[in-house]
Every structure is written in C-alpha cells, then in structure tokens.
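Convention: sequence-line order gives letters A, B, ...; per-chain numbering from 1.
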There are 2 protein chains.
Amino acid sequence: MATLGDLERTVMDLLWTTPEAMTANELRDAIAEAPSGEVGRELAVTTVLTVLSRLEKKGLVKRERDSRPHRYMSVTSREDHTAELMHEVLVTAPDREAVLARFIGSVSEAEAQTLRKLLGGS
Amino acid sequence: MATLGDLERTVMDLLWTTPEAMTANELRDAIAEAPSGEVGRELAVTTVLTVLSRLEKKGLVKRERDSRPHRYMSVTSREDHTAELMHEVLVTAPDREAVLARFIGSVSEAEAQTLRKLLGGS
DNA sequence: CGGCATGTTCTACGATATGTAGAAGAACAA
DNA sequence: TTGTTCTTCTACATATCGTAGAACATGCCG
C-alpha cells in the first residue's frame, strides 16, 4: 500500500497540479514558494532528486531520461491515484456492501448527487 | 493516517471477527492457529501486548482495565474503520467528483447495484 | 504473611521508510 | 579539457513496526 510521507506528498501535489513535466530544480523552487500553508522550505536539489527516485520506484512518477535536465511527471492523475487507493482500501474488508453503506453515509449531499448521476440507469 | 503493519493488521482482523473481547493470550493463540494463509506464527505474549498498546495509542483498540487479564476489543467495526479510511483518502483530492467518477468505474457491478440501492431516494 | 503464578509495563534492538544532503560520477558547453 | 550542471551513491537522523527479555505488579495458596 503506497503510503506517502509529507515531502513525497508535497512533490506529488506539485506534479499533479502542474501541467508540464518538471525538473528537480523547478520542483525545489516550487516547494520553496509557500507550498500549501507549510513553512517555505529551502531544500537541497539532491533531496528533491532522492524523493523523486523513491517515487519513481513506487511507480508514481516517471521521467524523461533523454532531455538533459530530466523532467519528471506523475504516472497517473491525482484523481486516478486517489480512486485507486480508495478501491484498495475497500477491498481489504470482506463485507464491502456494509463498508459502502457506511461510506455513503459519510459523503456530502453533493457527492451523493454525483454518485447517483454516475450510477445512472440500470 | 493510520496505516497498519502486517502484525497489527492481523491483530485487528482477529479483534474484528471475534465477537468477544480477547486477552493477549487468546490473541497469541489465535495468531498461532493458522491465521489467514500465513505461516503459523508462535509469538511471545509480550509481542502481542506491545502491538495492542500501539493499536490502543492509535485509537483502534480499547481495553477493559478492571478485569485482570485485560480484555481487548476494537473501538470500531471493520466496516466503519474501512469506510472512514476511504473517506479520508477521498478528501485528500480537491476534485472529489472526478475521484468518485473513477472510483465508480472500479467497483464491480454488484457493488454498483448496492450503491444505487443505498443512494435510492433523493 | 510470603512466595509463586500470571499478567503488564519498560526498555531495547533490528528492519524498513522517510527526510535530508554531501561526495562522487557523468555530460555538456566553451 | 576544464568548468558547470545535473544525476547517482552513500550516509545519517528519525519514526514506525516486529519482536521480545527484564522488571514490576497482583492476586492466590499455603
């Protein structure tokens, strides 16, 4: 189960919200530029690179190796990743019906509405 | 985010599937008795107790302190816990609608059916 | 009342994950 | 080829988890 640390999470968030593939340097700068509420962290580029390698090993990140400053990007969208995680969690329980029942109870009305729409007919 | 290790998971599974509160010794024996597919593990009781303490600290387990061999039980049902986890995962993404859309795509038809039923009226 | 069982807490050590980064190696521009 | 830039290797600190011995507590049996 791919659980992410704080920094790993921060990096993934940046990769997920940036349309373009990013270099380690760009990421380092982006992290320094007030990432969501955190203290602006001045990290060494090597730190970012290490994290990227680890994320790559986990299959969450891929990189363009040919372009010289390697450019990194996420393998899946945040939405796909999140949905996958949710599913992984769901299947850990034998009684999925019961889990879904409770899950439904925890979502907002708006989300319930969305679900109805998505589940549509049949 | 409460991520569980393998042994912690095993213990929770036992507590979740056993109606009665259990003592550390009972748990040790239950673990030794072929837990789901694993190699029968002969653990020291202290090991089980340590794990139970950690699970207690995480809020997943509570114990009856008055009865002398303390009896341990889960705080929530597995279904509640799982549903909670799913929700925690869901809210990590800004675009929940999109996540739900993908999530729906990943569930089985039977589960989709269940969801329709649950979402039924308005 | 004083040991003996039985049970709980403290302390600890190895393994893995993660944050962090220096040192060393590779590649490219001049 | 030499300096600059980037990547990889190696390393250390902290946290979590599996594992359990040592020490402490408690109640039962004589």
For this session: Could you walk me through whether A:F103 and A:L90 pass the side chain to side chain contact (heavy atoms under 4.5 Å, CB included) test, one step at a time?
Result: CA-CA 10 Å; A:F103 173 69; A:L90 172 64; over 6 Å; no
Exercise. Any side-chain heavy atom of A:E97 sitting closer than 4.5 Å to one from B:E79?
Worked result: no
Exercise. Reckon A:K58 touches a base, only the sugar-phosphate, or nothing at all at heavy-atom distances under 4.0 Å?
Worked result: sugar-phosphate
For this session: Starting from the 5' end of DNA chain C, give me the residue, A:R68 or A:R9, whose nearest nucleotide shows up first.
Result: A:R9
Exercise. Taking any atom under 4.0 angstrom from a heavy atom of chain B, which nucleotides of DNA chain C are the first and last to qualify, 5' to 3'?
Worked result: C:dG7 to C:dA12
Exercise. Counting only N and O atoms by type, is there a donor-acceptor contact under 3.5 Å from the side chain of A:T114 to the main-chain atoms of A:A110?
Worked result: yes
Problem set entry | Donor-acceptor pair, side chain of B:R116 and main chain of A:L119, under 3.5 angstrom | yes
For this session: Working to the nearest 0.5 Å, report the span between CZ of B:R71 and CG of B:L15.
Result: 11.5 Å
For this session: Name every residue in residues 43-55 of chain B that has at least one heavy atom under 4.0 Å from any atom of DNA chain C, in order of residue number, or write none if there are no such residues.
Result: B:T46, B:L49, B:R54
Exercise. Does A:D6 CG have over 12 foreign heavy atoms under 6.0 Å away?
Worked result: no
For this session: Could you tell me whether the side chain of A:H87 and the main chain of B:S106 form a donor-acceptor pair under 3.5 Å?
Result: yes
Exercise. Any side-chain heavy atom of A:E26 within less than 4.5 Å of one from A:P69?
Worked result: no
Exercise. Is B:R54 salt-bridged to B:E8, cutoff N-O under 4.0 Å?
Worked result: no
Exercise. So, do A:L7 and A:T47 sit near enough that their side-chain heavy atoms are less than 4.5 Å apart?
Worked result: yes
Exercise. What are the 5'-most and 3'-most nucleotides of DNA chain D lying under 4.0 Å from any heavy atom of chain B?
Worked result: D:dC17 to D:dT26
